[in-house]
Amino acid sequence: MKTTIRRAASSAIPRTLRERRLPRGQQGFEKRFLPWAFLAPLLAVIVGVVGYPVARTIWLSFYDGEYLQSGPFVGLKNYRDIFADPDYTAALLRTTLFAVAVVVTTILLSLAIALVLDAAPRAAKVLSVIVLLPWAMPRVASGVVWKWMFDDQYGVVNWLLVNWFGLDSFKGYSWFSTGTPAMVAITVAVVWHSVPFVAVSLFAGLRGTHGEVVEAARVDGASAWQVLRRIRLPMIRPLLVVMTTISTIWAYQSFDHFLVMTTPPGGPDHSTEVLSLLTWLEAFAQLDQGSAAAMAVVLFLMLAAVSVLYVRLNREDVR
């Protein structure tokens, strides 16, 4: 009986498939090495475009590079110097606080917008396009627009605060004369530019949570808040982790808005200098390539740590 079944199964396999059965050695080659052979051209491009600049920056961080020259080998001196520099430690703390504010605000606003889009499925397509418009705007252009909006004489922000909310103290208020208001204005501009992508991504994730589990919970009498908190948000937790990670990397890499919205860049009195802007100033204003490379390496390691944390959280979600 078993022999008959095997013959029938063998005859059911197309002849071309039976003829393509390869020896074990060749099968091992196809499974192990052939995929890497197809990926080799792409990996070569990645190594050339990403790998070489990273390796070059790490190499330069161990040299006393000044005036676009590599200079003599100094070991860890550049790293010791930047961590002993109060401007660098202040920029590191400032960047971290800025990133926390941007990420928390971006995720909360994006989730609220995604829930609104999810509650209006008929208008979601049109609303999604409208929501995405700020993200399509170049960061430099949005920085210029927001700088004018926060202008002390002609800005619409002060006008709204005075005429709509009755806050007369903001009449002629200069947002960029001191550090804290300037950071608030830049944070608003960065969040405005970051929210659209995250909101549309979360909306797409929420659309995939309408299923039998949600319907069963509603039949059992669960409120909308209970369904959201106990069912829908846990279902999109991997997506939330991804969006939080991307937002964190974007926040730490913020450069355009700080460059455009502050005069001079990082002003007033270095109170808006973040790591990316300080690295750029060190490299192209002070022409200290070694210290700038060390700053870039530290920032790279911080973002790599965030990426590793994201991978681990995703593995826990899979398990």
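If you're wondering where the values come from, they're calculated on a predicted model, not measured in any experiment. Positions are given from 1 along the sequence.
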Student: Ring pair (Phe, Tyr, Trp, His ring centres under 6.0 Å) between W250 and F197: does it pass, once the steps are laid out?
Tutor: CA-CA 12 Å; W250 284 350; F197 175 79; 5.6 Å; yes
Student: Determine whether R218 and V227 make a side-chain contact, defined as any pair of heavy atoms from C-beta on separated by less than 4.5 Å.
Tutor: yes
Student: For R94, what residues pass the salt bridge (charged side-chain N to carboxylate O under 4.0 Å, His left out) criterion, not counting sequence neighbours?
Tutor: none
Student: Does any non-hydrogen side-chain atom of V274 lie less than 4.5 Å from one of S254?
Tutor: no
Student: Could you tell me whether the side chains of T95 and Y252 share a donor-acceptor contact shorter than 3.5 Å?
Tutor: no
Student: Under a 3.5 Å distance rule, please check whether S247 uses its side chain to pair with a backbone N or O of T244 as donor and acceptor.
Tutor: no
Student: How long is the span from the CE atom in M149 to the CH2 atom in W159, to the nearest 0.5 Å?
Tutor: 12.0 Å
Student: Does R230 have any salt bridge (charged side-chain N to carboxylate O under 4.0 Å, His left out) partners at least two apart in sequence or in another chain, and if so, which?
Tutor: none
Student: List for me each residue that meets salt bridge (charged side-chain N to carboxylate O under 4.0 Å, His left out) alongside D85, sequence neighbours excluded, and say none if there are none.
Tutor: none
Student: Given 3.5 Å as the limit, does a donor-acceptor pair link the side chain of S61 with the main chain of G290, or not?
Tutor: no
Student: Just wondering, do D118 and R207 contact through their side chains at under 4.5 Å, heavy atoms?
Tutor: yes
Student: Relative to the ring of F170, is the ring of W175 parallel (under 30°), tilted (30 to 60°) or perpendicular (over 60°)?
Tutor: parallel
Student: Does the side chain of F255 reach to within under 4.5 Å of the side chain of L277, using non-hydrogen atoms?
Tutor: yes
Student: Considering non-hydrogen atoms only, spot the tightest contact between V200 and S128 and give its length.
Tutor: CG2-O, 4.2 Å
Student: Do you know the tightest heavy-atom contact between T187 and V102?
Tutor: CG2-CG2, 3.9 Å
Student: Show the nearest heavy-atom pair for residues T262 and P265, with the distance to one decimal.
Tutor: OG1-CA, 3.4 Å
Student: At their closest point, which heavy atom of P268 faces which heavy atom of G179, and how far apart are they?
Tutor: CG-N, 4.3 Å
Student: Between Y310 and V242, is there a side-chain heavy-atom distance shorter than 4.5 Å?
Tutor: yes
Student: Between N158 (side chain) and Q153 (backbone), is there a donor-acceptor pair under 3.5 Å?
Tutor: no
Student: So does M137 get a backbone contact from the side chain of H193, meaning a donor-acceptor N/O pair under 3.5 Å?
Tutor: yes
